[in-house]
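Below you'll find the structure, written out as structure tokens, and then a few comments.
Just so it is clear, the structure is predicted and the values come from calculations on it, not from any experiment.
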Amino acid sequence: MMPERIDRCLTKQSRKSPPPRKYYYIHTKMNWTNAQQYCREKHTDLATFKSMGDIEMLKPDFNYIWAWIGLTDNPKSWKEAMGNDINSWKWSATGETSKTGYQNWDVNEPNYAFGIETCVVMAPNGKWFDLSCALLHSFVCYTGKKISEFMYFIN
């Protein structure tokens with residue numbers, strides 16, 4: 001079965017910024033790992049967001065309940081410290097935390113419930129929730145041009 005894809009392009013751009021990202025909402029439900037693999041094979045990676053502006057431009061065009069985005073955590077990076085470190089969440093496309101510091105967690109998130117919530121879904125209001133990576137959800141991919149193993153030039 002071929003996943004259903006809806007193409008939407010964000011158009012916010014300035015002279016100094018690279019061309020906008022192009023997002024693809026995939027209706028097919030997959031776990032986070034399979035969604036990431038699909039996005040990397042067909043596009044660039046699971047969606048990344050630098051600001052609320054990205055999400056605001058995305059929301060009107062997308063009709064979804066919950067959608068995986070490219071944010072994940074490795075509890076080993078903070079488990080020996082004092083609880084969940086909100087700054088340990090990394091974008092799958094870069095393997096890095098947000099360069100802009102942008103986060104859009106819902107209240108009491110991330111909470112690492114049951115010790116298994118290390119992947120992120122976005123709700124229709126744009127808020128982020130950590131969930132088990134094994135759950136099945138729709139997802140959002142984006143396109144960009146890979147320039148190194150963990151860095152992408154967005155075109």
Side-chain angles (χ1 to χ4, degrees), residues 3-14 16-40 42-75 77-78 83-114 116-144 150-155:
E4 184 180 348
R5 181 176 95 179
I6 299 174
D7 297 0
R8 297 287 185 247
C9 184
L10 300 183
T11 58
K12 185 177 180 181
Q13 186 174 350
S14 72
K16 294 181 181 181
S17 67
R21 292 181 178 165
K22 189 168 185 180
Y23 290 93
Y24 301 88
Y25 177 70
I26 311 300
H27 285 283
T28 304
K29 293 186 177 190
M30 296 183 185
N31 65 38
W32 191 93
T33 303
N34 289 343
Q36 179 191 46
Q37 180 180 348
Y38 176 91
C39 290
R40 287 181 172 180
K42 306 285 185 193
H43 305 287
T44 299
D45 211 324
L46 283 164
T48 63
F49 302 102
K50 293 182 179 181
S51 69
M52 187 61 185
D54 286 351
I55 292 173
E56 286 172 353
M57 288 187 290
L58 180 67
K59 282 192 317 184
D61 292 333
F62 285 85
N63 182 18
Y64 59 87
I65 304 293
W66 297 92
W68 289 125
I69 61 173
L71 198 56
T72 188
D73 191 23
N74 178 1
S77 69
W78 53 262
N84 193 346
D85 181 1
I86 199 161
N87 296 315
S88 65
W89 292 83
K90 298 182 181 353
W91 292 107
S92 65
T94 62
E96 298 176 349
T97 58
S98 172
K99 291 191 182 299
T100 64
Y102 175 70
Q103 299 175 1
N104 201 33
W105 296 106
D106 197 56
V107 176
N108 299 319
E109 295 289 340
N111 59 19
Y112 190 55
F114 309 108
I116 60 170
E117 294 186 342
T118 59
C119 292
V120 178
V121 293
M122 186 169 61
N125 65 0
K127 292 294 184 180
W128 302 344
F129 295 79
D130 63 335
L131 291 178
S132 166
C133 303
L135 296 174
L136 302 179
H137 288 288
S138 304
F139 52 100
V140 180
C141 302
Y142 81 96
T143 56
F150 292 108
M151 306 252 334
Y152 295 85
F153 173 76
I154 308 307
N155 63 356

Kindly compute the distance separating CD (E117) from CD (E109), expressed to the nearest 0.5 Å. 6.5 Å
Residues at least two apart in sequence or cross-chain that pass side-chain hydrogen bond (donor to acceptor under 3.5 Å, both in side chains) with S98, listed by chain then number, are T100
Considering residues at least two apart in sequence or located in another chain, which fulfil the side chain to side chain contact (heavy atoms under 4.5 Å, CB included) criterion with C119? W32, W68, T72, C133
Roughly how far apart are N125 CG and D106 CG, rounded to 0.5 Å? 6.5 Å
Ring centers of Y25, H27 separated by less than 6.0 Å: yes
For K29, give me all partners under side chain to side chain contact (heavy atoms under 4.5 Å, CB included), at least two apart in sequence or on another chain. L136, S138
Close side-chain approach of N34 and F139, heavy atoms under 4.5 Å: no
When every non-hydrogen atom of W89 is compared with those of T118, the smallest separation belongs to CZ3-O, 3.4 Å
Could you walk me through whether L131 and H137 pass side-chain contact (heavy atoms from CB on, under 4.5 Å), step by step? CA-CA 10 Å; L131 291 178; H137 288 288; 3.6 Å; yes
Could I get the full list of side chain to side chain contact (heavy atoms under 4.5 Å, CB included) partners for S132, not counting sequence neighbours? I116, A134, L135
Treating N104 as the side-chain partner and W128 as the backbone partner, does any N or O pair qualify as donor plus acceptor under 3.5 Å? no
Euclidean distance, I69 CD1 relative to C141 SG, rounded to 0.5 Å: 12.5 Å
Look up atom CG in D73 and atom OH in Y112, then write down how far apart they are to the nearest 0.5 Å. 8.0 Å
Aromatic rings Y23 and F49: how do their planes relate, parallel, tilted or perpendicular, breaks at 30° and 60°? parallel
Looking at P110, is its backbone amide N or carbonyl O close enough to the side chain of D130 to form a donor-acceptor pair, meaning the two atoms are under 3.5 Å apart? no
Nearest heavy-atom pair of T143 and Y24: which atoms, and what distance? CG2-CE1, 2.9 Å
For the CD atom of Q103 and the CG atom of L71, what is their distance to the nearest 0.5 Å? 8.5 Å
Note, W66 side chain near F129 side chain (heavy atom, < 4.5 Å): yes
Working to the nearest 0.5 Å, report the span between CE of M30 and CD of Q36. 12.5 Å
